[in-house]
Participant: 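Input: one structure, supplied below.
In what follows, every heavy atom counts, from backbone to side chain, and hydrogens, waters and symmetry copies are set aside. One-based numbering, in listed order, for ligands and for the atoms of each.
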Amino acid sequence: MTEQSNPGRVNRELVTAAYPELPGKVAVITGAARGMGASFAAGLARRGVHVVGGDINAEQMADTAREIQAALAAEGVTAPGRVVAAAIDVTDADQHDQLARRALTEFGRLDFWINNAGIFPFALIEDIAPEQISAVLEVNVSGVLYGAQAAARHMAEGGAIVNMSSVSAVRVRKGRGAYCTSKAAVAHLTESLAVELGDKGIRVNALAPGYIDTEMTRWVREDPIALAHALDSVPLHRIGAPEEVFGPLLFLLSDSARYVTGHAIAVDGGSRHV
Ligand SMILES: NC(=O)c1ccc[n+]([C@@H]2O[C@H](COP(=O)([O-])OP(=O)(O)OC[C@H]3O[C@@H](n4cnc5c(N)ncnc54)[C@H](O)[C@@H]3O)[C@@H](O)[C@H]2O)c1
């Protein structure tokens with residue numbers, strides 16, 4: 001069956017590319033209680049990378065960490081990384097510092113920082129309240145900046161930061177003005193961070209996903225009209241899975257990308273062109 005004839009299909013097959021340099025390294029992931037952050041935590045732990053997962057929903061973060069560890073043990077994965085759960089509100093710079101220190105205390109090193117936490121509010125420009133604009137800029141933009149600052153202070157040379165931008169950085173949608181603005185800012189901030197942190201041997205890149213199957217976009221999948229409309233703008237005619245964003249993330253963290261910095265990889269089925 002082709003992708004076009006089965007648009008509801010979500011491809012959750014695991015990425016099999018080998019990156020032998022990754023086991024034993026340590027990653028911080030924000031917003032790791034669910035969605036892409038949880039998928040990244042599970043994928044990295046499967047490959048022997050230790051993870052400190054931080055989320056504003058501390059309870060769900062703890063459950064997710066336990067579930068990942070249990071699933072890897074049940075599958076008999078050899079030498080998985082350990083996943084540690086932490087509470088963080090990414091709008092608070094000090095809490096990022098605490099997250100970095102947690103990684104160093106638990107694992108003695110810090111190699112990767114994934115600024116993944118984000119919010120996706122809907123409001124038409126005429127209706128959007130000042131608090132909504134502040135919230136989305138605080139979480140999606142300041143949260144990334146604070147994370148990068150903490151990473152830069154605590155990471156050794158050779159570290160890598162990955163920020164979550166979006167196709168929304170280049171394609172606007174009604175009702176998502178504040179969100180799109182925030183993700184464009186993340187793309188730009190990624191370039192600024194790359195230029196400055198290159199001095200410390202730290203690479204900074206971004207991922208720019210399109211429609212990915214998570215809680216954030218569940219409403220699209222559940223509304224056939226919205227789904228059809230969304231798929232109209234995806235040349236590959238289906239929505240993506242978190243596992244399909246994980247592959248490009250792995251590449252960006254790996255030595256294969258050691259000369260790649262200040263770049264955003266689109267993982268959007270081509271939707272940025274439509
Ligand atoms: N799902 C998509 O289609 C899509 C597309 C492009 C970009 N993105 C971006 O990817 C990232 C992950 O998205 P997702 O779909 O997995 O979302 P999600 O809503 O499933 O998960 C986001 C996580 O971030 C956490 N979070 C929210 N505010 C926080 C805060 N202040 N401090 C700490 N944690 C906080 C939430 O509790 C949640 O666990 C986001 O930055 C999002 O904007 C998502």
Participant: Which residue holds the protein heavy atom closest to atom 38 (C) of ligand 1, what is that atom called, and what is the gap in Å?
Facilitator: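 Looking at atom 38 (C) of ligand 1, the protein heavy atom closest to it is Asp55 OD2, 3.5 Å.
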Participant: State whether the shortest distance between N or O atoms of Tyr179 and N or O atoms of ligand 1 falls below 3.5 angstrom.
Facilitator: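 Yes: some nitrogen or oxygen of Tyr179 is under 3.5 Å from one in ligand 1.
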Participant: Atom 31 (N) of ligand 1: which protein heavy atom is closest, and how many Å away?
Facilitator: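 Protein heavy atom at minimum distance: Asp89 OD1, 3.1 Å.
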Participant: I'd like to know whether ligand 1 has Thr217 as a neighbour, heavy-atom separation below 4.0 Å.
Facilitator: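 Yes, that is the case, since the closest heavy atom of the residue is under 4.0 Å from the ligand.
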Participant: Hey, is the main chain of Ile212 close enough, under 3.5 Å, to the side chain of Thr217 for a donor-acceptor pair?
Facilitator: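 Checked: pair present.
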Participant: Counting from 1, what ligand 1 atoms have a heavy atom of Gly210 closer than 4.0 Å?
Facilitator: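 Those atoms are 2 (C), 3 (O), 4 (C), 5 (C), 6 (C).
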Participant: For Val139 and ligand 1, does the shortest N/O to N/O distance drop below 3.5 Å?
Facilitator: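 Val139 vs ligand 1: no N/O contact under 3.5 Å.
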Participant: Would you say the side chains of Ser142 and Glu138 form a donor-acceptor pair under 3.5 Å?
Facilitator: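 Yes - a donor-acceptor pair under 3.5 Å links their side chains.
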Participant: Can you confirm, on distance only, whether ligand 1 has an N/O atom lying under 3.5 Å from any N/O atom belonging to Arg34?
Facilitator: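 By distance alone, the answer is yes.
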Participant: So is there a nitrogen or oxygen of Val90 less than 3.5 Å from a nitrogen or oxygen in ligand 1?
Facilitator: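 By distance alone, the answer is yes.
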Participant: Which residue and non-hydrogen atom of the protein lie closest to atom 33 (C) of ligand 1, and at what distance in Å?
Facilitator: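 Going by distance alone, atom 33 (C) of ligand 1 is nearest to Ile88 O, 3.1 Å.
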Participant: Look at Asp255 together with Arg258 and state whether they make a salt bridge at an N to O cut-off of under 4.0 Å.
Facilitator: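 So Asp255 does not pair with Arg258 through a salt bridge.
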Participant: Ignoring hydrogens and geometry, is there a side-chain-to-backbone donor-acceptor pair from Asn163 to Val186 under 3.5 Å?
Facilitator: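 The answer is no, because no donor-acceptor pair under 3.5 Å joins these two groups.
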Participant: Could you check atom 34 (N) of ligand 1 against the protein and tell me its nearest heavy-atom contact, residue, atom and distance included?
Facilitator: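 I find the closest protein heavy atom is Ile56 N, 3.3 Å.
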Participant: Examine distances only and state if a side-chain atom of Gln132 and a backbone atom of Ala129 form a donor-acceptor pair shorter than 3.5 Å.
Facilitator: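 Side chain of Gln132 to backbone of Ala129: a pair is present.
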Participant: Give me the nearest non-hydrogen protein atom to atom 16 (O) of ligand 1 as residue plus atom name, then the distance to 0.1 Å.
Facilitator: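 Here the nearest protein heavy atom works out to Met36 N, 2.8 Å.
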Participant: For the pair Asp55 (side chain) and Gln60 (backbone), establish whether a donor and an acceptor sit closer than 3.5 Å, ignoring hydrogens and angles.
Facilitator: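 Here the side-chain-to-backbone pair does not exist.
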Participant: Only heavy atoms of Gly35, strictly under 4.0 Å: list the atoms of ligand 1 that pass.
Facilitator: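 Answer for ligand 1: 16 (O), 20 (O).
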Participant: Using a 6.0 Å cut-off, check whether atom CD of Glu21 has over 12 heavy atoms from anything other than its own residue.
Facilitator: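 Above 12, so yes.
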Participant: Is Thr91 in polar range of ligand 1, meaning some N or O pair under 3.5 Å apart?
Facilitator: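 Between Thr91 and ligand 1, no N or O pair is found under 3.5 Å apart.
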Participant: Please report which non-hydrogen protein atom sits nearest to atom 22 (C) of ligand 1, along with the residue it belongs to and the distance in Å to one decimal place.
Facilitator: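 It is Gly118 O, 4.0 Å.
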Participant: I want to know if ligand 1 touches Asn116 in the polar sense, i.e. an N/O pair below 3.5 angstrom.
Facilitator: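 Right, the criterion is met.
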Participant: Applying a heavy-atom cut-off of 4.0 Å, say which part of Ile212 lies close to ligand 1: side chain, backbone, both or neither.
Facilitator: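 The answer is both, backbone and side chain.
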Participant: Should we say atom CD of Glu75 is surrounded by more than 12 heavy atoms from elsewhere, each under 6.0 Å from it?
Facilitator: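 Result for CD/Glu75: enclosed.
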Participant: Could you tell me whether the side chain of Glu157 and the main chain of Gly201 form a donor-acceptor pair under 3.5 Å?
Facilitator: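 No.
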Participant: Can you find an N or O of Gly54 that's nearer than 3.5 Å to an N or O of ligand 1?
Facilitator: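 In this structure, Gly54 places no N or O atom under 3.5 Å from an N or O of ligand 1.
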Participant: Quick one: which ligand 1 atoms are inside 4.0 Å of a heavy atom on Tyr211?
Facilitator: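 Taking each heavy atom of Tyr211 in turn, ligand 1 has 3 (O) under 4.0 Å.
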Participant: Using modelled atom types only, decide if a donor and an acceptor are shared between the side chain of Thr64 and the backbone of Ala33 within a distance under 3.5 Å.
Facilitator: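 It does hold such a pair.
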Participant: Relative to each other, are the rings of Tyr179 and Phe120 parallel, tilted or perpendicular (30° and 60° limits)?
Facilitator: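 Taking Phe120 first and then Tyr179, their aromatic rings stand perpendicular (interplane angle over 60°).
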Participant: Considering the heavy atoms of Pro209, write down every atom of ligand 1 situated less than 4.0 Å from one of them.
Facilitator: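 Checking each atom against Pro209, I get 5 (C), 6 (C), 7 (C).
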Participant: Is a side-chain donor or acceptor of Thr190 paired with a backbone partner of Asn205 at a separation under 3.5 angstrom?
Facilitator: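 Absent.
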Participant: Tell me the contacting part of Met61 for ligand 1: side chain, backbone, both, or neither, using a 4.0 Å heavy-atom threshold, strictly below.
Facilitator: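 For Met61, no heavy atom sits under 4.0 Å from ligand 1.
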Participant: Just jot down the ligand 1 atoms closer than 4.0 angstrom to any heavy atom of Gly31, in number order.
Facilitator: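 Once the distances to Gly31 are compared, the set is 23 (C), 24 (O), 25 (C).
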Participant: For a side chain to side chain donor-acceptor pair (under 3.5 Å) with Glu106, tell me which candidate from Arg101, Arg82, His50 qualifies.
Facilitator: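 Looking at Arg101, Arg82, His50, the match for Glu106 under the side chain to side chain donor-acceptor pair (under 3.5 Å) is Arg82.
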Participant: Considering only the protein, which heavy-atom contact is closest to atom 17 (O) of ligand 1, and what is its distance?
Facilitator: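 Heavy-atom neighbour on the protein nearest atom 17 (O) of ligand 1: Met216 CE, 3.5 Å.
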Participant: Give yes if a backbone or side-chain nitrogen or oxygen of Ile119 is under 3.5 Å from a nitrogen or oxygen of ligand 1, and no if not.
Facilitator: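 N/O-N/O distance under 3.5 Å: no.
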Participant: When you measure from the side chain of Lys183 to the backbone N and O of Met164, does any donor-acceptor pair fall under 3.5 Å?
Facilitator: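 Here the side-chain-to-backbone pair exists.
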Participant: Is Ser165 touching ligand 1 with its side chain, its backbone, both, or neither, if touching means heavy atoms under 4.0 Å apart?
Facilitator: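 The answer is the backbone of Ser165.
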Participant: Is the number of heavy atoms from other residues, nucleotides or ligands within 6.0 Å of CG (Leu124) greater than 12?
Facilitator: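 Yes, enclosed.
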Participant: Is there at least one pair of N or O atoms, one from Thr214 and one from ligand 1, spaced under 3.5 Å apart?
Facilitator: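 For ligand 1, there is an N or O atom that lies under 3.5 Å from one belonging to Thr214.
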